[in-house]
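This report refers to the structure that appears directly beneath it.
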Amino acid sequence: MIARASQLYLPTLREAPADAEALSHRLLLRGGFIRQLGAGLWTFLPLGWKVHQNIVQIIREEMNAIGCQEMLAPVLTPAELWEKTGRLSIPELFHLTDRGGRPYILAMTHEESFTFHGAELQSYRQLPQQWYHFGTKGRDEPRPRAGLIRMREFIMKDAYSFDRDEEGLEVSFRRYEAAYRKIFERCGVETYAVQAEPGMMGGKESVDFLAPAGSGENTLVTCENGDYAADLEIARGIPRDPEFPERLDAPEEVETPGATTIDSLAEYLSIDPAATSKAMPVVANGSVVLALVRGDDRLESAKLAATLGSDFRPATEEEIRTAFGADPGSLGPVGFQGEVVADEALRAGQFVAGANRTGWHLRGVEQGRDFQARVADIREAREGDRCPECGGALRFQTAIEVGHIFKLGTRYSEPLGAMFLDEDGKEKPIVMGSYGIGPARVMATIVEQRGDDRGISWPDSVAPYAIHVVALPGAEEQAEQAATALDAACYAVLLDDREQRAGEKFADADLIGCPVRVTVGKKTLEDGAVDVRDRATGEERRVALADLGKVS
RNA sequence: CGGGACGUAGCUCAGCCUGGUAGAGCACCGCGUUUGGGACGCGGUGGCCGGCGGUUCGAAUCCGCCCGUCCCGACCA
């Protein structure tokens with residue numbers, strides 16, 4: 001079937017709305033792939049849906065290839081299931097009731113639903129199982145953004161593995177990891193698999209697939225030598241060494257009037273900001289904990305939360321005065337009665353710290369001698385750090401999270417009673433994993449990574465059409481012939497048969513981004529030829545009309 | 001949820017400060033000339049100026065409330 005531009009709903013735009021900033025947002029909108037219905041709500045127009053379906057099909061094939069079975073679970077879900085797993089209070093969850101007042105939620109992911117069905121598995125003989133679906137997710141995002149990058153409703157491929165034990169889960173997990181690499185490769189997307197925080201999934205181990213892009217919500221940290229990649233939230237970097245002042249045998253008080261920031265403190269004392277320490281009092285589990293990082297560093301809250309094993313919040317000024325007897329800006333670990341968590345960078349050396357006396361600091365404060373701290377990696381890696389593996393330079397890029405896989409363990413099987421009887425006759429909870437990919441995010445990522453100022457450049461694997469035949473005035477018939485020949489050779493063909501000027505057709509072709517453009521016009525028809533142009537490279541060659549369909 | 005901005009034609013925006021019958025470019029429709037990189041001329045269609053209330057003889061314009069959208073942050077499988 002030849003698609004005719006004159007009949008397609010393909011509303012391309014010369015300009016993007018002023019509020020569209022991300023490249024993928026602008027180009028998908030301008031190319032007539034998507035349209036907005038509301039905040040975080042997007043309709044896929046015919047071409048956009050084609051691309052989405054192509055990505056879905058690649059994912060489907062790779063899931064099937066590892067023995068994963070496709071099914072479909074509803075979006076509307078009895079709230080009871082989420083009550084049992086304790087996830088009913090997640091703020092992003094959409095709640096609703098039916099006419100009888102019974103509570104439901106819109107699934108934002110389907111662990112509960114799949115585990116509910118997994119509970120029907122009875123025996124180790126039925127394990128392992130791998131199930132997946134392309135399910136619609138609803139999320140009451142506080143801030144949808146950037147077109148397809150963060151939506152309130154979207155389709156996700158989520159898969160769930162059911163194993164007897166941790167060893168089985170490990171095998172399943174690695175299989176998905178390998179399948180994901182193939183999927184992203186086939187979609188033409190550059191990704192890095194990195195260790196990540198499990199977040200609300202509450203699992204043990206998780207691997208994030210991050211794709212560097214011009215826009216995105218994650219920061220990918222990679223080493224120039226290719227031996228390290230991590231999400232900024234957990235990235236380890238080696239900071240430069242501070243220039244320490246002369247060593248002191250004991251801390252020494254120094255008056256620092258008005259020096260409440262690291263910059264002003266370092267300037268006042270004429271020392272390297274890296275030779276100071278920054279005190280960040282937080283409240284975790286009802287008590288004040290002092291998080292201490294080097295003066296030139298920033299606290300990475302995800303790392304601190306992981307170290308503390310719980311969420312925390314900044315302490316209020318009142319809590320600070322009660323716990324330290326001083327104002328913020330003069331706080332330090334010496335003499336503090338609560339727990340101190342100090343960053344690795346403070347393990348050795350003497351630093352300036354707040355004296356817990358407003359307007360005063362201490363010089364020569366040493367961890368282990370002057371105060372006792374739990375030493376952990378709680379700083380945010382930053383530009384200029386060196387690689388923890390090889391000492392190479394670290395690179396920071398914004399990235400889109402296109403996939404995330406989790407080892408769930410028995411987080412869901414226990415509360416939902418998904419038990420099986422093992423060989424030894426004992427009842428055990430099923431050990432689970434969950435594995436997600438957002439096809440729309442993959443789509444946005446492809447545009448981010450491959451788009452240019454003129455438009456999109458789809459890889460063959462996901463392109464809405466393989467070949468875009470542009471019919472120029474006076475060559476309509478020959479363009480039909482060319483399209484027919486290509487169609488017969490099994491190419492998906494888009495024929496631009498609209499009554500438009502050449503320039504507009506070319507501009508639209510560049511924007512829409514089919515891999516190959518065939519230009520049929522009077523200029524070359526005298527020689528019985530057409531121009532075949534590669535969208536990605538811009539290379540053009542002349543091919544005899546009679547040879548079309550024989551070559552790719 | 002905090003900070004900022006915006007809402008006028010399908011799209012991009014002007015008009016608002018200083019109240020007095022709603023504008024431009026692009027798009028769209030018709031005719032003509034053009035036709036290998038977003039043409040030109042002539043003539044047209046299209047707007048509850050986000051909503052409600054207030055001030056005023058009179059509100060797109062001033063004031064208040066609400067709604068919506070975007071950006072930064074918080075948040076985020």
Side-chain angles (χ1 to χ4, degrees), chain A residues 11-22 25-26 29-30 32 35-41 87 90-93 107-112 135 137-147 149-152 154 156-160 196-203 206-209 215-218 231 233 301-302 305 311 313-314 400-408 411-412 433-438 441 454-455 470-476 479 496 498-511 517-526 530-531 533 538 540 542:
Chain A
T12 54
L13 300 172
R14 191 181 296 211
E15 296 167 283
D19 52 22
E21 297 200 347
H25 185 185
R26 300 176 63 84
L29 208 48
R30 286 187 51 211
R35 282 296 185 266
Q36 186 167 25
L37 195 61
L41 299 173
R87 295 212 293 175
I90 292 176
E92 284 78 20
L93 200 57
M108 54 190 294
T109 168
H110 281 81
E111 277 74 18
E112 280 78 359
K137 314 296 169 189
R139 293 188 188 178
D140 192 359
E141 293 289 351
R143 192 182 155 204
R145 72 180 90 188
I149 289 173
R150 180 161 294 272
M151 294 193 279
R152 291 201 296 174
F154 61 99
M156 178 165 79
K157 185 287 297 176
D158 41 329
Y160 301 88
E197 279 297 308
M200 75 164 96
M201 300 301 305
S206 84
V207 171
D208 227 337
F209 290 84
S215 323
E217 302 177 307
N218 297 68
D231 188 290
E233 288 194 352
S301 49
D311 279 340
R313 59 170 175 82
I400 298 172
E401 180 189 7
V402 288
H404 205 162
I405 61 180
F406 303 85
K407 285 187 178 178
L408 300 174
R411 165 71 179 84
Y412 295 91
S434 84
Y435 314 89
I437 292 185
R441 274 195 180 177
R454 294 205 317 277
V470 173
L472 294 182
E476 291 83 359
D496 191 347
R498 298 172 304 166
E499 290 183 21
Q500 300 281 348
R501 302 178 65 79
E504 291 177 60
K505 293 191 176 193
F506 291 150
D508 271 352
D510 289 341
L511 177 59
R517 185 184 91 195
V518 173
T519 310
V520 186
K522 283 187 263 186
K523 198 166 107 184
T524 56
L525 278 175
E526 297 163 7
V530 296
D531 283 328
R533 186 186 179 96
E540 195 160 44
R542 201 146 289 183

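Each chain gets a letter, A, B and so on, in the order its sequence line appears, and its residues count up from 1.
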Partners meeting ring-ring contact (aromatic ring centres under 6.0 Å, His included) with A/Tyr160 (sequence neighbours left out):
A/Phe114
Quick one: pull up CZ in A/Arg145 and CD in A/Glu21 and give me the separation to the nearest 0.5 Å.
11.5 Å
Using a 4.0 Å cut-off on protein heavy atoms (strictly under), produce a 5'-to-3' string for nucleotides 39-47 of chain B with B for base contact, S for backbone-only sugar-phosphate contact, and - for none.
B--------
Please encode protein proximity along nucleotides 4-13 of chain B as a string of B, S and -, counting only heavy-atom distances under 4.0 Å.
-------SSS
Base partner of [N], which must satisfy Watson-Crick or wobble distances under 3.5 Å:
| N | value |
| --- | --- |
| B/rG19 | none |
| B/rC26 | B/rG10 |
| B/rC40 | B/rG32 |

Can you tell me the distance, in whole Å, between the [atom1] atom of [X] and the [atom2] atom of [N]?
| X | N | atom1 | atom2 | result |
| --- | --- | --- | --- | --- |
| A/Arg150 | B/rC76 | CZ | P | 10 Å |
| A/Glu540 | B/rG36 | CD | C1' | 9 Å |
| A/Glu21 | B/rC71 | CD | C1' | 6 Å |

Indicate, with a heavy-atom threshold strictly under 4.0 Å, whether [X] touches base, sugar-phosphate, or nothing.
| X | result |
| --- | --- |
| A/Gly436 | nothing |
| A/Gly38 | sugar-phosphate |
| A/Ala471 | nothing |

Spacing of the C1' atoms in B/rU21 and B/rC26 (rounded, Å)
27 Å
Proximity to the side chain of [X] - top-ranked nucleotide from [options]:
| X | options | result |
| --- | --- | --- |
| A/Pro473 | B/rU69, B/rU35, B/rG37 | B/rU35 |
| A/Arg145 | B/rG37, B/rA74, B/rC76 | B/rA74 |
| A/Asp508 | B/rA74, B/rG38, B/rG37 | B/rG38 |
| A/Lys523 | B/rG36, B/rC71, B/rC75 | B/rG36 |
| A/Ala39 | B/rC76, B/rG73, B/rC70 | B/rC70 |

Between A/Phe154 and A/Pro144, just flag the one whose closest nucleotide in RNA chain B comes earlier from the 5' side.
A/Pro144
Under a 4.0 Å threshold between the charged nitrogen and the carboxylate oxygen, would A/Glu111 count as salt-bridged to A/Arg87?
yes
Base B/rG37 paired with A/Arg517 side chain (donor-acceptor, <3.5 Å)
yes
Are any of A/Gln36's side-chain N or O atoms less than 4.0 Å away from OP1 or OP2 of B/rC70?
yes
